[in-house]
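Written out below as structure tokens is the structure these notes cover.
Side chains included, hydrogens not; waters and symmetry mates left out as well; all remaining heavy atoms used. Just so it is clear, the structure is predicted and the values come from calculations on it, not from any experiment.
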Amino acid sequence: MTRGTATEADAGARARQTRKRITAAARELIAESGFEAMSIEDVAERARIGRSTFYLHFASRAELANAIAVDELATLTDLWIELANIDPANTAEVRRWLDRIVERWQGNSSLTVISIEYRTDQRKLAAELVDVQFMAAEAFLAETRRLGHEPSPLAIEEVRIGFMLLARFLYLHVSMNVPFENESLDVLTRHLADAMARARDPEPAV
């Protein structure tokens with residue numbers, strides 16, 4: 001590694017650490033007094049940075065809230081890996097997994113609501129959320145391959161669509177509190193189980 005490359009790597013590491021301090025400070029302030037009461041000055045003071053440094057990482061409070069929400073999604077990777085280890089024929093276990101992820105999402109719903117309500121660039125928000133959904137599907141598929149299965153391209157797309165349907169359910173019915181029929185989770189369970197089965201056996205015998 002050249003001196004210039006090392007310097008760039010150090011600068012990147014410092015930037016990532018600063019970003020983590022900003023998001024950690026924001027999480028604390030949101031938990032203490034809510035998003036509405038949190039100012040950029042409060043975040044900068046809690047993170048021990050200047051206001052100008054804040055703007056090097058985030059253009060607004062809304063962008064900061066969205067970053068936190070996206071980070072929350074990324075931390076769910078362990079659950080996607082757990083799902084890959086469930087026998088898709090055991091729909092009761094798939095449903096229990098789904099119940100756990102709904103419960104986990106309920107604990108983070110305030111952050112996702114803030115992200116949706118305050119983000120001005122909705123196209124960018126949608127693109128970021130799709131990226132995270134694909135990341136979740138890729139974590140699931142990577143674990144599926146580790147277990148000795150090789151999903152076909154069609155099976156991969158079915159898994160990705162299943163994860164996007166799950167994300168839609170979480171946003172609409174958990175974050176935004178849109179009412180839903182009791183059977184909705186059963187339907188989603190069957191869809192996920194079918195996608196999981198095809199990922200394990202992409203070309204079942206006719």
Side-chain angles (χ1 to χ4, degrees), residues 1 3-81 100-140 160 163-180:
M1 180 181 292
R3 183 182 181 85
T5 304
T7 301
E8 290 175 5
D10 290 343
R14 286 195 299 271
R16 288 190 293 274
Q17 284 300 114
T18 300
R19 184 183 175 91
K20 286 182 180 179
R21 282 188 9 230
I22 293 171
T23 56
R27 285 170 183 270
E28 292 174 4
L29 290 165
I30 291 171
E32 290 170 11
S33 54
F35 182 77
E36 292 286 356
M38 181 188 75
S39 69
I40 290 173
E41 289 80 5
D42 293 334
V43 176
E45 181 179 353
R46 181 70 64 93
R48 303 185 307 280
I49 60 170
R51 184 184 174 97
S52 59
T53 301
F54 176 94
Y55 283 113
L56 289 175
H57 296 272
F58 301 102
S60 63
R61 291 191 317 151
E63 187 170 304
L64 170 59
N66 182 71
I68 295 172
V70 171
D71 286 347
E72 285 293 328
L73 276 174
T75 64
L76 298 178
T77 300
D78 59 326
L79 286 176
W80 313 133
I81 292 173
R100 286 197 299 276
I101 204 167
V102 168
E103 181 180 354
R104 178 96 165 252
W105 192 271
Q106 285 172 333
N108 300 325
S109 62
S110 61
L111 289 173
T112 57
V113 170
I114 289 166
S115 174
I116 293 168
E117 290 182 346
Y118 289 89
R119 185 61 182 263
T120 56
D121 189 344
Q122 294 298 326
R123 286 190 176 184
K124 185 176 180 182
L125 169 60
E128 289 172 344
L129 294 176
V130 168
D131 285 345
V132 172
Q133 292 156 18
F134 270 55
M135 182 177 67
E138 289 303 320
F140 170 87
R160 287 173 174 164
F163 276 65
M164 291 179 73
L165 288 174
L166 172 58
R168 178 180 179 276
F169 179 90
L170 293 171
Y171 278 109
L172 287 179
H173 304 301
V174 180
S175 295
M176 307 307 291
N177 290 315
V178 176
F180 63 94

(request) State whether the number of non-hydrogen atoms from other residues, nucleotides or ligands found under 6.0 Å of Glu45 atom CD is greater than 12. (result) no

(message) Looking at Arg48 and Arg21, would you say the former's side chain and the latter's main chain have a donor-acceptor pair under 3.5 Å?
(response) no

(request) Output the distance between atom CZ (Arg104) and atom CG (Asp78), rounded to the nearest 0.5 Å. (result) 5.0 Å

(message) Testing the basics here: between Ala15 and His57, what is the closest heavy-atom pair and its distance to 0.1 Å?
(response) O-CE1, 3.3 Å

(message) Please determine whether the number of non-hydrogen atoms from other residues, nucleotides or ligands lying under 6.0 Å from atom CZ of Arg168 exceeds 12.
(response) no

(message) Apply side-chain contact (heavy atoms from CB on, under 4.5 Å) to residues Ile101 and Leu166 and explain how you reach the verdict.
(response) CA-CA 10 Å; Ile101 204 167; Leu166 172 58; 4.3 Å; yes

(message) Using side-chain heavy atoms (C-beta onward) and a distance below 4.5 Å, is Phe58 in contact with Thr23?
(response) yes

(message) Please give me the minimum heavy-atom distance between Ala37 and Ser33, naming the atom from each residue.
(response) CB-O, 3.6 Å

(message) If I take atom CG from residue Leu64 and atom CZ from residue Arg19, how far apart are they, to the nearest 0.5 angstrom?
(response) 8.5 Å

(message) Which label fits Phe140 and Phe163: parallel for a plane angle under 30°, tilted from 30 to 60°, or perpendicular past 60°?
(response) tilted

(request) Would you give the length of the straight line joining atom CD1 of Ile30 to atom CE of Met38, rounded to the nearest 0.5 angstrom? (result) 4.5 Å

(request) Over all heavy atoms of both residues, which pair between His173 and Val178 is shortest? Give the atoms and the distance, please. (result) ND1-O, 2.8 Å

(message) If you compare all heavy atoms of Ile49 against all heavy atoms of Phe54, which two are closest, and at what distance to 0.1 Å?
(response) CD1-N, 3.8 Å

(request) Heavy atoms only: give me the nearest Arg160-Ala137 pair and the separation to one decimal. (result) CG-CB, 3.7 Å

(request) Write down the atom of Phe35, the atom of Arg61, and the distance for their closest heavy-atom approach. (result) O-NH1, 2.7 Å

(request) Output the distance between atom CZ (Arg100) and atom CG (Leu79), rounded to the nearest 0.5 Å. (result) 7.0 Å

(message) Just verifying a value: how many Å separate Leu172 CG and Phe180 CZ, rounded to the nearest 0.5 Å?
(response) 11.0 Å

(request) Starting at CD1 of Ile68, measure out to CD1 of Ile22 and round the result to the nearest 0.5 Å. (result) 10.0 Å

